[in-house]
Amino acid sequence: PPFWFSPITGIYSSKFPSIHLPVDPNLDAVSALFSHRHHGDAALVDSLTGFSISHTELQIMVQSMAAGIYHVLGVRQGDVVSLVLPNSVYFPMIFLSLISLGAIVTTMNPSSSLGEIKKQVSECNVGLAFTSAENVDKLSSLEVRVIIVPESYDFDLIRIENPKFYAVMKESFGFVPKPSIKQDDVAAIMYSSGTTGATKGVLLTHRNLIASMELFVRFEATQYEYPGSSNVYLAALPLCHIYGLSLFVMGLLSLGSTIVVMRRFDASDVINVIEKFKITHFPVVPPMLMALTKKAKGVSGEVLKSLKQVSSGAAPLSRKFIEDFLQTLPHVDLIQGYGMTESTAVGTRGFNSEKLGRYSSVGLLAPNMQAKVVDWSSGFFLPPGNRGELWIQGPGVMKGYLNNPKATQMSIVEDSWLRTGDIAYFDEDGYLFIVDRIKEIIKYKGFQIAPADLEAVLVSHPLIIDAAVTAAPNEECGEIPVAFVVRRQEATLSEQDVISYVAAQVAPYRKVRKVVMVSSIPKSPTGKILRKELKRILTKSVSS
Ligand code: 4UU
């Protein structure tokens, strides 16, 4: 057997030498990040205005903002603060300032509905939120103190229009008593539904963030000829999601890369931005890859010549997208990465040096990570070439779910193994392939949607007796949520009524996009929704 697989224990180990992670129990993720010194190169650049700050400036601004947050806002160690923010240069600054104080950050998608924000605010006990102007109304109805983060980087203007934020950012208060932060303290609460049920808070510690930073891109950079600091990354992925957060707020900053931040992904602008800022690396989700490919067809190869690598993750990439991309941009390296919120995004990553055209693989296990492939009927651990549920283990794996020991016990099994809910196999060279998903989540453009969350909204409708949600495949978005609805007998509820009802209560990306009226929901004797059966009904209704 290969050195990276043990037939006795069934454990796959990383093919890479393990990395020495800091052992000091009193280390926080921000100190760990800035222990990697970088100088005058741009760290963060705003794609719209070109405003930029260097790595040195970033460190100073994080210190001074932490002081402002401590003195002006009174935030203390252990306080939970939410970020309901679109991408901006401010996002990493605020995130790092907060966790450097020992505060805990919980991120929310800026398009979240009032109901979604309310649930997270109350579960996490949020007292303060940083948000953009358009979300102020939602938050202020919730007894949360709100700090509005400006869109502008014109500090003279901000001083006049938003003196509060200016004070937090700019005042130099000097001394902040250094909190004693332990690596095992929680730094962030990210939301994910895991393998089943409603969305839950994923507790990520400073240790997890440090592991993610050291084992993810920082390690990946050692695999390339070109050193990290000359790379220019385009940050169009949302920073509120673990994929964007771990890459752009932690890993790449620790590496000294330049990150050009796009407020939101805009297909019509992306070619210009790549050309203007000479982007070398572009991490995407599959729909962005498709949009980029489409746009690239219309321009000459010269325009995108700076681009060296596109990396895709968060959802499966179809063969068709891959082939189309390779044909359109043959000079660009394409890799995939795989991770989860529950693993602080640490999982696998493609490494082009030994890639050999395995574009549909998600790559090799990151250093210090281990995996098992588990046969779900026999419980056996399977050797290379065999499909089963992927379990992973390593320093990226979360502490657990917030206030939910039962869900934690179901997810982290045999002491330390995270059940991914993905069906996968390793090939004979240790490359991982994700082939299916057995967990309930729906992936819409790489975003998670928990069927249980939508089912709760559906059954709150007075004319709906029962409901179940499952995914339907969709070429552009990957998957879309479909609702199966049982109406009251006399009800004249239309499919469109159901769609509108849900849309009014959830973030736009999470809305139900198709409705099937049924007379009953298929359930097991214990009352569990039979999701496989729903999928079968769906395929039947499409083909007939
Ligand atoms: C098929 O989506 C993420 C994390 C994404 C990520 C992390 C590190 C991408 C690239 C990278 O290098 O987190 P969640 O928690 O929102 O969703 C996790 C789930 C996985 O369990 C799997 O089902 O998203 C799916 N997934 C993928 N599926 C993630 N990446 C892939 C992939 N192919 N490349």
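In each ligand, atom 1 is the first atom listed, and ligand 1 is the first ligand listed. Computed over heavy atoms, backbone and side chain alike; hydrogens, waters and symmetry mates excluded. As the structure is a prediction and not an experimental result, all values here were calculated from the model.
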**Study point:** Any Met190 heavy atom less than 4.0 Å from ligand 1
**Key:**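 Contact absent.
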
Practice item. Examine ligand 1 and decide if any of its atoms is less than 4.0 Å from a heavy atom belonging to Gly347. Key: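 Judged by the 4.0 Å heavy-atom criterion, Gly347 does not count as contacting ligand 1.
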
Using a heavy-atom cut-off of under 4.0 Å, does the side chain or the backbone of [X] touch ligand 1, or both, or neither?
{"X": "Leu317", "result": "neither"}
{"X": "Phe216", "result": "side chain"}
{"X": "Arg437", "result": "side chain"}
{"X": "Ser311", "result": "neither"}

Check your understanding: With ring centroids as reference points, do Phe426 and Phe5 lie under 6.0 angstrom apart?
Key ->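 So the answer is no for these two rings.
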
Check your understanding: atom 34 (N) of ligand 1: which protein heavy atom is closest, and how many Å away?
Key ->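 Ranked first by proximity to atom 34 (N) of ligand 1 is Gly337 O, 2.7 Å.
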
Review point. For atom 4 (C) of ligand 1, what is the nearest protein heavy atom, given as residue, atom name and distance?
Key: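 Looking only at protein heavy atoms, the one closest to atom 4 (C) of ligand 1 is Gly339 O, 3.2 Å.
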
Check your understanding: Do any N/O atoms on Arg349 end up under 3.5 angstrom from N/O atoms on ligand 1?
Key ->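 Yes, there is a polar N/O contact under 3.5 Å.
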
Check your understanding: Within the structure, does Ser312 bring an N/O atom to less than 3.5 angstrom of an N/O atom in ligand 1?
Key ->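 In fact, backbone or side chain, Ser312 has no N or O that close.
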
Exercise for review: Would you please say whether a donor-acceptor pair under 3.5 Å links the side chains of Ser112 and Asn109?
Suggested key: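 Their side chains do not contain a donor-acceptor pair, so the 3.5 Å distance test is not met.
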
Exercise for review: Look at the aromatic rings of Tyr243 and His241 and report parallel, tilted or perpendicular, splitting at 30° and 60°.
Suggested key: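 If you compare the ring of Tyr243 with that of His241, the planes turn out perpendicular.
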
Check your understanding: Does the Glu455 side chain pair with the main chain of Val469, one donor and one acceptor, at a distance under 3.5 Å?
Key ->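 Present.
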
